[in-house]
Amino acid sequence: MAVRRRPSTASAAGEPIKSDNLLLNASDALPLPLYLTNGLFFTLFFTVAYFLLTRWREKIRSSTPLHVVTLSELAALFSLFASVIYLLGFFGIEFVQSFVSTSSGGAHDPWKDDVVVQRKKSVNASALLSSTSAASTTATAIDDNSPALSTDDEEIITSVVVGTTPSYSLESTLGDCRRAAAIRREALQRTTGCSLVGLPLEGFDYEAILGQCCEMPVGYVQIPAGVAGPLLIDDEEYTVPMATTEGCLVASTNRGCKAIHMSGVAGSVVLKDGMTRAPVVRFSSAVRAAELKFFVEDPLNFDSLAVVFNRSSRFAKLQRIQCSMAGKNLYMRFTCSTGDAMGMNMVSKGAQNVLDLLQIDFPDMDVIGISGNFCSDKKPAAVNWIEGRGKSVVCEAVIKEEVVRKVLKTNVAALVELNMLKNLTGSAMAGALGGFNAHASNIVAAIYIATGQDPAQNVESSHCITMMEAINDGKDLHVSVTMPSIEVGTVGGGTQLASQAACLNLLGVKGASRDSPGSNSRKLATIVAGSVLAGELSLMSAIAAGQLVNSHMKYNRSSKDVSKLAGPR
């Protein structure tokens with residue numbers, strides 16, 4: 001059979017690469033580009049294979065003979081055989097041709113093919129290196145954070161640049177996390193032509209984040225950390241660390257702490273403490289899904305399910321399972337206590353244990369996902385606002401009239417009216433979900449970053465309703481914040497990093513409590529709520545007194561000429 005040869009291609013140097021010794025593929029005669037043809041047959045193979053397996057399972061369940069096939073199944077079988085023949089022919093042709101060539105007297109030497117392939121790779125690598133050499137020289141010259149590189153490092157950087165060594169495998173290959181970060185950083189600068197000057201490399205423990213906090217590091221971002229306080233809550237004083245780049249935030253929260261301290265003390269109560277995970281499962285009918293719902297919600301079955309769930313950790317204690325249906329799909333929201341950990345992994349493992357047990361009595365249950373968004377994690381959701389997630393906390397204080405006037409620079413009546421029209425009515429007009437406050441997320445995010453929490457969980461952790469009421473014949477102000485889903489932990493994740501651990505230590509909640517498991521994380525949640533209370537007081541007072549714009553113009557604007565701050569690429 002005559003096989004059309006591919007036209008020769010030009011190398012990076014402009015000279016044609018000889019194709020006399022190149023191995024020809026049968027796919028050269030196909031009208032479509034090779035990657036499209038391969039993609040087509042791969043897609044066809046997996047699609048029809050999945051279709052046939054699904055039909056086979058349905059026949060087994062319905063006791064239908066397997067040899068009884070429909071027209072669509074016949075077409076699927078034909079497509080499956082066709083794709084298998086193509087894929088075997090495509091990927092096996094070089095192997096077969098090597099034997100054919102050898103048996104025919106060595107007309108074709110496969111070793112020469114390897115030389116040609118290596119020559120192609122060498123040409124491509126040289127072109128890539130030459131195209132990035134000028135940019136890498138500039139980037140390296142201005143990056144003071146890049147350490148001196150050895151000859152071995154240069155070889156590894158080159159292999160990363162040309163794609164021989166995957167960047168993600170440097171830590172496991174080298175066994176030195178700091179060196180891996182330095183090499184990855186330099187390779188990134190050479191391939192992108194962009195300088196990373198200003199992004200520190202030295203002075204960080206890269207071993208601490210391996211396999212836990214961050215992958216493929218090239219440095220670390222510096223965020224200034226300030227302190228507000230002392231915050232007097234539940235007869236204890238706390239100096240609250242806040243990591244932020246927003247001017248006025250720490251100062252404003254600090255003013256709120258002062259107002260609370262001068263008025264007496266803030267009180268708090270933890271209403272609930274339970275992390276959630278809600279897998280979604282599917283049945284063939286809604287009736288069957290309802291049977292599992294009734295089974296799970298039956299109090300007689302709870303103890304047996306709890307025993308299996310609690311095997312996930314000695315701190316895991318299943319509290320309840322809340323079910324909700326959507327057609328033939330069932331969502332089971334597991335709630336459990338998790339000690340001093342935030343607990344997402346713990347509750348997920350426990351939920352998986354229960355699913356494995358339920359699969360025995362409900363073999364037709366199809367587990368779609370361990371998380372069905374009925375949890376709900378890192379998304380604003382009414383279920384968290386109503387049912388709570390993590391720690392549900394209420395914090396309150398009575399601010400004296402004199403303090404409102406002298407420290408907050410406003411009056412009680414103005415604060416009460418503003419809170420009603422802004423935080424309550426205004427938020428309702430906006431269709432807010434859990435956002436009946438002035439800026440709870442500001443304080444939550446700053447404390448979360450400082451103490452090693454998951455910043456993304458600021459979404460639901462900032463659910464808050466701020467209430468203000470005039471008491472004692474209108475002289476004093478009663479203010480409270482209700483936060484139903486504060487998700488915090490004092491062990492695991494980013495809490496183990498040196499800077500974040502120091503901030504937790506400042507609050508007296510570093511690590512797990514030995515005497516009362518879970519008490520450290522609950523105390524951290526009350527500190528978050530108390531800080532939000534202070535922040536709400538101060539910002540609302542600034543708005544009521546008309547000071548917001550002036551204070552931000554003074555403390556939240558840079559005096560530098562930003563047109564001169566653009567750095568080199």
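Both backbone and side-chain heavy atoms feed into the values below; hydrogens, waters and symmetry mates do not.
Judged by distance alone, the side chain of Thr425 and the main-chain N or O of Lys422 form no donor-acceptor pair under 3.5 Å. Under a 3.5 Å cut-off, the side chain of Arg184 and the backbone N or O of Val218 do not form any donor-acceptor pair. No donor-acceptor pair closer than 3.5 Å links the side chain of Ser392 to the backbone N or O of Gly388. A donor-acceptor pair is defined here as one N or O able to donate and one able to accept, closer than 3.5 Å; such a pair exists between the side chain of Asn437 and the backbone of Cys464. Using modelled atom types, no side-chain atom of Glu396 and backbone atom of His478 make a donor-acceptor pair closer than 3.5 Å. Side-chain N or O atoms of Asn520 include one that pairs as donor or acceptor with a backbone N or O of Gly511 at under 3.5 Å. Side chain of Ser337 to main chain of Gly339: no donor-acceptor pair is present (N/O by atom type, distance under 3.5 Å, no hydrogens or angles). Looking at Thr191, its side chain does come within 3.5 Å of a backbone N or O of Leu188 through a donor-acceptor pair. Put simply, the side chain of Asp234 gets close to the backbone of Ser268: a donor and an acceptor are under 3.5 Å apart. Ser516 contributes no side-chain N or O that, together with a main-chain N or O of Ser519, makes up a donor-acceptor pair within less than 3.5 Å.
A salt bridge links Arg389 to Asp377: at least one charged side-chain nitrogen sits closer than 4.0 Å to a carboxylate oxygen. A salt bridge does not link Glu171 with Arg178: every distance from a Lys NZ or Arg NE/NH1/NH2 to an Asp or Glu carboxylate oxygen is 4.0 Å or more.
No side-chain heavy atom of Tyr238 sits under 4.5 Å from any side-chain heavy atom of Pro230. Looking only at side-chain heavy atoms (C-beta outward), Ile465 and Leu424 come within less than 4.5 Å of each other. With contacts defined as side-chain heavy-atom distances shorter than 4.5 Å, the pair Arg179/Ile183 qualifies. For the pair Val160 and Leu170, the minimum side-chain heavy-atom distance is below 4.5 Å. Counting heavy atoms from C-beta on, the side chains of Val270 and Lys272 never come closer than 4.5 Å. In this structure the side chain of Arg288 never reaches within 4.5 angstrom of the side chain of Lys328, judged on heavy atoms. Residues Met468 and Met420 are not in side-chain contact: their nearest non-hydrogen atoms beyond the backbone lie 4.5 Å or more apart. Between Val227 and Val250, every side-chain heavy-atom pair lies at or beyond the 4.5 Å cut-off.
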Between Tyr220 and Tyr206, does the ring-ring contact (aromatic ring centres under 6.0 Å, His included) criterion hold? Intermediate values first, please.
CA-CA 10 Å; Tyr220 58 96; Tyr206 293 95; 7.1 Å; no
Does the pair Leu199 and Arg185 meet the rule for a side chain to side chain contact (heavy atoms under 4.5 Å, CB included), with working shown?
CA-CA 10 Å; Leu199 181 68; Arg185 176 194 185 95; 4.2 Å; yes
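Residues Ser324 and Arg333 bring no donor and acceptor atom of their side chains to less than 3.5 Å of each other.
Other residues, nucleotides and ligands place more than 12 heavy atoms under 6.0 Å from the CG atom of Asn353.
With sequence neighbours excluded, the residues that form a side-chain hydrogen bond (donor to acceptor under 3.5 Å, both in side chains) with Glu73 are Arg55, Lys59. Considering only residues two or more places apart in sequence or on other chains, Tyr331 meets the ring pair (Phe, Tyr, Trp, His ring centres under 6.0 Å) condition with none of them.
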Enumerate, atom names and distances included, each donor-acceptor pair closer than 3.5 Å involving a side-chain atom of residues 442-455, sequence neighbours excluded.
| from | atom 1 | to | atom 2 | distance (Å) |
| --- | --- | --- | --- | --- |
| Asn442 | ND2 | Glu246 | OE1 | 3.3 |
| Asn442 | ND2 | His439 | ND1 | 3.2 |
| Tyr448 | OH | Ser461 | OG | 2.8 |
| Tyr448 | OH | Glu487 | N | 3.3 |
| Tyr448 | OH | Glu487 | O | 2.9 |
| Thr451 | OG1 | Ile447 | O | 2.7 |
| Thr451 | OG1 | Gln453 | NE2 | 3.4 |
| Gln453 | OE1 | Gly489 | N | 2.8 |
| Gln453 | NE2 | Thr451 | O | 3.3 |
| Gln453 | NE2 | Gly489 | O | 2.9 |
| Asp454 | OD1 | Ala456 | N | 3.1 |
| Asp454 | OD2 | Lys378 | NZ | 2.8 |

